[in-house]
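Have a look at the structure below before the remarks.
Computed over heavy atoms, backbone and side chain alike; hydrogens, waters and symmetry mates excluded. Just so you know, ligand 1 is whichever comes first in the structure, and atom 1 is the first atom listed for that ligand. These figures come from a predicted structure and were not determined experimentally.
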Amino acid sequence: MPRDKVRVLFVCLGNICRSPMAEGIFRKTVTDAGLADVILIDSAGTHAYHVGEPPDERAQAATGRRGIDISGLRGRQATVADFASFDYVLAMDYENRENLHRLGGDNARVEMFLAYAPDCGREEVPDPYYGGPAGFELVYSLLEQAAHGLLADIRQRHLRIA
Ligand code: 4NP
């Protein structure tokens with residue numbers, strides 16, 4: 001069944017740091033490109049620790065400094081239904097990817113988000129939860145690079161525009 005929108009899900013462990021930042025950053029990237037009506041964006045965690053909670057204050061601060069408001073997002077846990085609902089299920093690190101595979105996602109559907117930033121020198125977005133603000137700045141920079149690569153891929157594969 002053809003979908004009306006391309007659907008993207010960002011996944012980390014708690015859904016309060018990396019994946020809500022990715023959701024906010026990618027939403028801005030997509031909105032700036034005039035494509036907000038054709039791409040649906042969501043995020044989830046593989047664990048339930050922070051279900052219903054807003055993003056971590058440090059994640060809100062790192063995005064807020066760039067004019068991106070993620071305060072309205074709330075944590076949710078990824079479910080097996082997400083694999084059927086989303087065209088892209090993008091893991092922040094190998095542990096998240098492993099958790100998604102255990103939940104039932106196959107290799108074709110689950111990808112590493114940083115695969116879309118091949119020049120960034122990393123394969124994983126490091127977990128910033130137990131570190132300081134610098135970790136959130138690094139996370140922001142990595143997510144922003146991958147957001148541009150992902151949008152280019154969606155344009156090419158789904159929207160057929162350069
Ligand atoms: P996230 O960061 O996966 O980027 O949202 C974490 C948030 C919470 C925990 C670990 C990582 N935690 O252990 O509660």
Side-chain angles (χ1 to χ4, degrees), residues 7-31 39-151 153-154:
R7 297 166 65 101
V8 176
L9 181 68
F10 296 105
V11 181
C12 62
L13 190 64
N15 193 210
I16 55 165
C17 297
R18 291 165 293 178
S19 63
M21 287 177 69
E23 179 177 347
I25 292 165
F26 191 56
R27 185 164 289 123
K28 176 173 174 18
T29 308
V30 163
T31 301
I39 302 176
L40 184 150
I41 307 161
D42 194 7
S43 65
T46 59
H47 281 257
Y49 311 133
H50 299 284
V51 168
E53 294 180 17
D56 185 285
E57 294 287 345
R58 298 162 297 173
Q60 292 192 43
T63 49
R65 270 194 285 283
R66 282 85 169 192
I68 298 172
D69 180 3
I70 60 170
S71 63
L73 302 181
R74 293 293 178 267
R76 78 163 177 93
Q77 190 171 17
T79 72
V80 69
D82 288 325
F83 300 119
S85 303
F86 288 91
D87 301 293
Y88 293 80
V89 178
L90 300 166
M92 296 296 145
D93 64 29
Y94 289 121
E95 181 188 353
N96 309 151
R97 186 177 70 174
E98 180 58 35
N99 288 340
L100 288 166
H101 284 161
R102 223 174 288 135
L103 186 62
D106 63 21
N107 281 319
R109 189 55 57 100
V110 180
E111 300 175 280
M112 296 295 282
F113 185 34
L114 289 191
Y116 291 96
D119 298 331
C120 78
R122 291 173 182 263
E123 296 180 355
E124 302 181 280
V125 182
D127 183 348
Y129 188 67
Y130 293 106
F136 284 82
E137 293 300 305
L138 171 63
V139 166
Y140 188 97
S141 161
L142 295 170
L143 296 177
E144 190 177 42
Q145 292 173 63
H148 288 290
L150 175 61
L151 182 57
D153 187 80
I154 291 175

In this structure, are over 12 heavy atoms from other groups packed under 6.0 Å from Glu123 atom CD? no
Mind listing the closest non-hydrogen atom pair of Gly45 and Asn15 along with its distance? N-CB, 3.3 Å
Between the side chains of Asp93 and Arg18, is the shortest nitrogen-to-carboxylate-oxygen separation below 4.0 Å, so that they form an ion pair? yes
Tell me which protein heavy atom sits closest to atom 8 (C) of ligand 1, plus the residue, atom name and distance to 0.1 Å. His50 NE2, 3.4 Å
At less than 4.0 angstrom from any non-hydrogen atom of Cys17, what atoms of ligand 1 do you find? 1 (P), 2 (O), 4 (O), 5 (O)
Are side-chain N/O atoms of Asp153 and Tyr88 paired as donor and acceptor at under 3.5 Å? yes
Return the residue, atom name and 0.1 Å-rounded distance of the protein heavy atom closest to atom 11 (C) of ligand 1. Asp127 OD2, 3.2 Å
For atom 1 (P) of ligand 1, what is the closest protein heavy atom, and at what distance to 0.1 Å? Cys12 SG, 3.5 Å
Evaluate the ring planes of Phe113 and Tyr116, with Trp represented by its six-membered ring, and classify them as parallel (under 30°), tilted (30 to 60°) or perpendicular (over 60°). tilted
Is the closest N or O pair between Pro128 and ligand 1 shorter than 3.5 Å? no
Looking only at distances, can you tell me whether any N or O atom of Gly14, backbone or side chain, sits closer than 3.5 Å to an N or O atom of ligand 1? yes
Purely on distance, is any nitrogen or oxygen of Arg18 under 3.5 Å from one on ligand 1? yes
So, Glu137 and Ser141: side-chain donor and acceptor under 3.5 Å apart, yes or no? no
In the protein, which heavy atom is nearest to atom 9 (C) of ligand 1, and how far is it? Tyr129 CD2, 3.6 Å
With heavy atoms of Tyr130 as the reference, note each atom of ligand 1 found under 4.0 Å away. 13 (O)
Polar side-chain atom of Arg58 near backbone of Pro133 as donor-acceptor pair, under 3.5 Å: no
